[in-house]
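Just below is one structure, and these are the notes that go with it.
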Amino acid sequence: MILAIDTETTGIDFFHGCRPFLVTMCDGEENYHWWGEVNPYTREVFWQEEDIDAIQSILNQADTLVFHNAQFDMRALETIGINIESLWDKVEDTLLASHIFCSGDSHGLKDLAIKYLHYWNDDEEQLEIAVKSARQRVSKLGYKIAKYGDSQSPGLTKATSWWKQDYWLCPDECLYYALCDVEKTWLLWNAFKPALVQDGFWKVYQLRKQLLEICYSVTSAGLHMDRQAATEYVTNLEAKIKKIRKYLSKQLKIKPLFNWNKREHLLYLLHNHLKIPVLYTTPGGSPSADKKAVADYYAYSNSPLLRTVLIGRRIETERRYVQAYYNWLADDSCLHSNLNITGTRETRQSSSNPNQQNIGKKLTKLFLPPQGYVWWDADFANIELRIWAYAVGNKDLISMFERGESVHMFIMTLLFPSEAAAYKKDHKNQVLANRYRDVKGGTFALIYGATEKKADETYGKAGACQIIFKYFPGIAEYTQSLTNQVFSNFYDLKRPFVYTIGGYPLDVPIDEPFKCCNYYIQGSAGIFMSKAMIAIHNLPIYKTSGSQIVQQVHDSLKVQVPINKYIHDTIERLKEAMSMCATDIFGKTPISYEILYNPKDESLLQDIDILPPF
DNA sequence: TGCCAGCGCGCG
DNA sequence: AAAGCGCGCGCTGGCA
């Protein structure tokens with residue numbers, strides 16, 4: 001029996017008490033549903049034991065469980081006491097399948113139903129109207145409707161569509177909506193499955209499906225944060241920000257606190273107070289105060305006030321990030337961010353609620369392993385550049401990688417010989433370091449499909465591309481052949497796409513075919529990372545040692561490893577597994593890693609002799 | 001008050 | 001003819 005399942009919940013943050021209040025299922029013949037009782041004053045949900053048993057029993061009996069975004073609904077089910085551990089092997093996900101058929105489109109259930117099933121109804125609109133009016137009606141009754149600042153969703157911002165968390169106010173409309181959703185999910189899977197097989201995508205679907213349980217476990221484990229350090233950090237920054245704003249207001253002689261995020265305030269400072277002439281305008285013609293304009297005005301005026309504004313802005317950005325992490329923190333002092341498998345239009349994952357993939361370099365020190373663990377923090381060395389070199393097929397480029405030499409350094413030598421020589425001797429020289437940074441940027445621009453003009457600009461040298469093309473023949477041909485693949489697929493299969501290494505199809509906008517180079521590289525790297533995570537997860541020692549992947553940032557992985565006598569062996573195996581993910585293309589991929597310790601951990605002192613060297 | 005677009009900025 | 005890619009999130013400011 002193929003069973004489609006959906007849950008409706010009181011919110012998305014299951015780590016702060018949000019819960020499902022309705023479970024719906026469809027087996028193709030019949031629909032089923034179970035209600036939990038929402039306490040309108042607390043938003044807590046009460047479930048009858050026999051209903052949980054009934055849900056568990058039907059889940060256990062089904063041959064196939066179909067979800068649209070399995071991670072979410074499995075989490076919801078787990079929070080009300082469903083045992084999900086044995087279910088993963090029979091889970092299918094229409095979200096994963098949809099991404100294979102159309103990596104660039106929306107994967108919303110409603111859109112998919114229209115596109116593939118010609119199934120349209122206005123259940124969503126009806127529900128929205130009902131919920132919005134119900135929220136107004138019950139606000140006088142003292143009900144705990146969802147809103148900014150709620151204890152069950154401390155991380156969500158003002159800009160959230162809060163009404164979506166109050167479906168429980170409208171049981172009739174909600175049930176109709178939820179049953180439509182499971183029907184759509186069931187029908188979609190029955191359409192997708194044969195298509196996956198027929199189009200030759202079954203294998204790559206199976207590969208990606210293994211990520212479901214793995215990403216779920218990453219979210220469950222969470223990333224441990226130093227709560228106290230974070231609090232102190234925010235308090236400290238807040239004080240600084242206040243001081244700076246007061247100072248600016250005083251200098252400018254304005255009443256309300258100066259706000260560097262307000263265009264008006266910035267313009268007042270620039271043109272009224274500092275009397276700098278208007279040098280930049282927006283496309284609409286009004287004076288501009290965007291990043292580039294402000295930076296140039298500072299270079300032009302060298303005004304200490306403007307410098308203060310730039311510093312204040314930077315500090316405020318930092319505070320905003322730390323505050324958000326703090327708000328999302330659960331009782332276990334961990335961030336349980338989602339790791340979204342279909343989060344990007346290539347095969348990379350995205351992270352959300354909060355985003356763990358853009359934690360500022362300065363803020364990483366606020367995160368550290370919990371007592372009894374270390375973090376193995378590993379990186380693929382230059383994975384994207386490596387994929388590019390092999391795709392171009394240039395022997396010199398490839399052998400440079402195989403000899404472990406720095407391609408960036410080589411290109412710097414090619415373009416700026418004397419500076420490169422000097423930089424090799426003196427890595428601390430800031431001017432030379434900036435030159436190296438620009439060269440690196442230029443090469444990335446090049447492999448991501450920039451025009452020659454743009455790449456030359458980034459390199460900081462006219463004709464840079466021509467020099468590189470001449471030295472490494474094959475680059476232009478590679479770009480051309482990949483673009484040809486897009487057009488020939490469009491012609492033959494009516495779908496413009498490129499295959500990544502590993503055979504995953506990625507859509508390329510037909511009016512922007514130059515993007516295919518980027519998609520191929522990012523997508524192939526995404527497949528390698530997927531394989532690495534799967535290999536690590538399947539290591540026997542990973543399980544027996546109690547290790548757990550806690551973070552993935554595209555080309556890097558953090559694994560939380562218990563401090564015990566297996567630690568050396570575990571790390572050796574982790575490294576081996578990760579480096580083997582692309583052997584079919586370029587042998588072992590070099591991995592660089594470091595071990596991160598919690599300095600306050602007492603077990604470090606006892607077990608210091610078994611630890612890897614600092 | 002809620003919603004959306006535009007922008008900036010963190011990461012790869 | 002011209003084009004460097006991919007994310008998530010917080011804030012402002014305009015609109016209903």
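Within every chain, numbering begins at 1; the chains are lettered A, B, ... in the order of the sequence lines, protein sequences first and strands thereafter.
- Checking the phosphate oxygens (OP1, OP2) of B/dC3, a side-chain nitrogen or oxygen of A/Lys132 falls inside 4.0 Å.
- By the 4.0 Å N-to-carboxylate-O rule, A/Asp507 lies too far from A/Arg345 to be salt-bridged with it.
- Checking side-chain atoms of A/Asn338 against main-chain N and O of A/Asn340 turns up no donor-acceptor pair under 3.5 Å.
- Within a heavy-atom distance below 4.0 Å of DNA chain C, no residue of residues 95-110 of chain A is found.
- Between A/Thr589 and A/Ala582, the closest heavy-atom pair is OG1-CB, 3.8 Å.
- The separation between A/Asn327 atom CG and C/dC9 atom C1' is 13 Å, rounded to whole Å.
- In this entry the distance linking CD of A/Glu384 with C1' of C/dG6 reads 9 Å, nearest Å.
- A/Ser524 places a side-chain N or O within 3.5 Å of a backbone atom of A/Ile501 that can act as its donor or acceptor partner.
- Applying the side-chain hydrogen bond (donor to acceptor under 3.5 Å, both in side chains) test to A/Ser220 and every residue at least two apart in sequence or in another chain returns A/Arg75.
- Residue A/Lys454 is in base contact, counting any heavy-atom pair closer than 4.0 Å across all strands shown.
- By the ring pair (Phe, Tyr, Trp, His ring centres under 6.0 Å) test, A/Trp376 pairs with A/Tyr593, sequence neighbours left out.
- In terms of the salt bridge (charged side-chain N to carboxylate O under 4.0 Å, His left out) criterion, A/Glu316 has no residue partners (sequence neighbours excluded).
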Practice prompt. For each nucleotide in nucleotides 10-16 of chain C, reading 5' to 3', give B when a protein heavy atom comes within less than 4.0 Å of its base, S when such contact involves only the sugar-phosphate, and - otherwise.
Written response: SSSS---
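- Residues of residues 456-480 of chain A having a heavy atom closer than 4.0 Å to DNA chain B: none are found.
- Of the residues listed (A/Asp93, A/Leu95, A/Asn69), the one engaging A/Leu212 in a side chain to side chain contact (heavy atoms under 4.5 Å, CB included) is A/Asp93, and it is the only one.
- In plain terms, the two heavy atoms of A/Gln165 and A/Ala146 that are nearest each other are CB-CB, 3.8 Å.
- No side-chain heavy atom of A/Ile145 sits less than 4.5 Å from a side-chain heavy atom of A/Trp162.
- Mapped onto DNA chain C by nearest heavy atom, A/His554 and A/Pro513 fall at different nucleotides, with A/Pro513 at the one closer to the 5' end.
- Between the side chain of A/Thr342 and the backbone N or O of A/Leu96, no donor-acceptor pair lies under 3.5 Å.
- Distance A/Leu385 CG to C/dC5 C1': 15 Å, rounded to the nearest Å.
- The two atoms that bring A/Ala462 and A/Asp456 nearest to each other are C-OD2, 4.2 Å, heavy atoms only.
- Distances were taken from every side-chain heavy atom of A/Tyr321 (C-beta onward) to each of C/dG8, B/dC3, B/dG12; the shortest belongs to C/dG8.
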Worksheet entry | Dot-bracket encoding per residue of DNA chain C, Watson-Crick/G-U cut-off under 3.5 Å, | denoting interstrand | ....||||||||||||
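- Within residues 335-363 of chain A, the residues approached by DNA chain C to less than 4.0 Å at the level of any non-hydrogen atom are A/Gly343, A/Thr344, A/Arg345, A/Glu346, A/Arg348, A/Ser350, A/Ser351, A/Ser352, A/Asn353, A/Pro354, A/Asn355, A/Asn358, in residue-number order.
- When the C1' atom is compared between B/dG12 and C/dG4, the two are found 14 Å apart, to the nearest whole Å.
- Regarding A/Ile447, its CD1 atom lies at a distance of 15 Å from the P atom of B/dG12, rounded to whole Å.
- Taking A/Asp166 as the reference, A/Arg43, A/Arg135 meet the salt bridge (charged side-chain N to carboxylate O under 4.0 Å, His left out) condition, with sequence neighbours excluded.
- Residues A/Thr9 and A/Gly11 share a closest heavy-atom pair of OG1-O, 2.7 Å.
- Side-chain N/O atoms of A/Gln349 and A/Gln552 include a donor and acceptor closer than 3.5 Å.
- In terms of the salt bridge (charged side-chain N to carboxylate O under 4.0 Å, His left out) criterion, A/Glu173 has no residue partners (sequence neighbours excluded).
- Spacing between atom CZ of A/Arg313 and atom P of B/dC7 amounts to 14 Å, rounded to whole angstrom units.
- Across the protein-nucleic acid pair, A/Ile145 atom CD1 and B/dT1 atom C1' stand 12 Å apart, rounded to whole Å.
- Separating the NZ atom of A/Lys365 from the P atom of B/dG10 is a distance of 15 Å, rounded to the nearest angstrom.
- Not counting sequence neighbours, the partners of A/Lys362 by the salt bridge (charged side-chain N to carboxylate O under 4.0 Å, His left out) test are A/Glu318.
- At a non-hydrogen distance threshold of 4.0 Å, A/Asn518, A/Tyr519, A/Gln522 from residues 518-527 of chain A come into contact with DNA chain C.
- Between A/Lys440 and A/Glu384, no side-chain nitrogen of the basic residue sits less than 4.0 Å from a carboxylate oxygen of the acidic one, so the salt-bridge criterion is not met.
- Taken to the nearest 0.5 Å, the OG1 atom of A/Thr231 stands 7.5 Å off from the CZ atom of A/Arg227.
- Rounded to an integer number of Å, the gap from CD of A/Glu452 to P of C/dA2 is 14 Å.
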